[in-house]
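One structure is given here, and the rest of the page talks about it.
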Amino acid sequence: MSEHDLEKTPEVQYAKLEFLGFDARIGRLRYMVWQLGLAGIFIVSALVGLFAVFVSPIVSVLILGVANILYLILTLRIAAQRLHDLNFSAWMLLLLMVPIANVVLGIMALVMPGTPGSNRFGAPPPPNSTSVKIVGTILIFIYCVCIAGIGAIATSPLAYVFINAVNRLSL
C-alpha cells in the first residue's frame, strides 16, 4: 500500500433525515430542536382549541384531541430515531410508562452521544446545520435560565411568605 492510499480518508455516507419515519437516526441537538418545534406547534394548536370553545365545545374537543394524538405520534417517532442513534431498539420507548425509567431514558437521549459510524439502524445522521446549532444553543440557554429561575423562586423569602399564607388559609 502506498503513502498516497493512506492519506485518503473514506467518504462518510450520511443517512437521509426523515422527520416522519421510525427508521432514521438523529443526533442529540437535532432531537432537542425537533422536540422544541413540535412543542411549539402543539402549544399553538392547543391555544386554538381552547379558544374554539367559544365557537363550539365539540370543535374545541376535536381540535384538542387531534392535536394530542398527532403530538404523541410525532414525539414517539422522533424519540425512536434518537434511540436508533444510540443503537437501542424503539421498543425501549415502553420504558416511558415506568416512573423512574422514563426520567433515565430522557436523560440518556439528551446526554449520550450517538453511535459513531453506521450501526444496525443505518448510516449516521448528517452533521447539524447552522440553524440547528443556533436554535439548539438558544434552547439550552432557555433551559438553564428556567432552572436558575425555579431555584431562585424556590429559595427566595417570598416563597416562604407565600407558603405560610397558604398554610394559614387552609387551617
With sequence neighbours left out, the residues meeting salt bridge (Lys or Arg N to Asp or Glu O under 4.0 Å) with Arg30 are none

Just distance, no hydrogens or angles: give the donor-acceptor pairs under 3.5 Å from side chains in residues 134-149, sequence neighbours left out.
residue: Thr137; atom: OG1; partner: Lys133; partner atom: O; Å: 2.7

Residues pairing under ring-ring contact (aromatic ring centres under 6.0 Å, His included) where one sits in residues 107-139, two or more places apart or in two chains, turn out to be His84-Phe121

For Pro127, give me all partners under side chain to side chain contact (heavy atoms under 4.5 Å, CB included), at least two apart in sequence or on another chain.
Tyr14

In residues 63-74, what donor-acceptor pairs under 3.5 Å come from side-chain atoms, sequence neighbours left out?
residue: Asn68; atom: ND2; partner: Leu64; partner atom: O; Å: 3.0

[X] versus [Y], closest heavy-atom pair with distance:
X      : Y     : answer
Gly117 : Arg25 : O-NH1, 3.0 Å
Met112 : Arg28 : O-CD, 3.3 Å
Gly49  : Ser60 : O-OG, 2.5 Å

Check the pair Gln35, Ile78 against side-chain contact (heavy atoms from CB on, under 4.5 Å), reporting the backbone distance first and the verdict last.
CA-CA 8 Å; Gln35 290 288 17; Ile78 293 170; 4.1 Å; yes

Identify all side-chain donor-acceptor contacts of residues 86-99 below 3.5 Å with residues at least two apart in sequence or on another chain.
residue: Asn87; atom: OD1; partner: Arg120; partner atom: NE; Å: 3.3
residue: Ser89; atom: OG; partner: Trp91; partner atom: N; Å: 3.1

Could you work out, with side chain to side chain donor-acceptor pair (under 3.5 Å) as the rule, every residue matching Ser131, not counting sequence neighbours?
Ser129

Under 4.5 Å side-chain linkage, directly or through intermediates, the cluster mates of Ile58:
Leu62

Report the C-alpha distance between Gln81 and Tyr31 in whole Å, list the side-chain angles of each, state the deciding distance to 0.1 Å, and finish with yes or no for side-chain contact (heavy atoms from CB on, under 4.5 Å).
CA-CA 9 Å; Gln81 290 180 12; Tyr31 171 71; over 6 Å; no

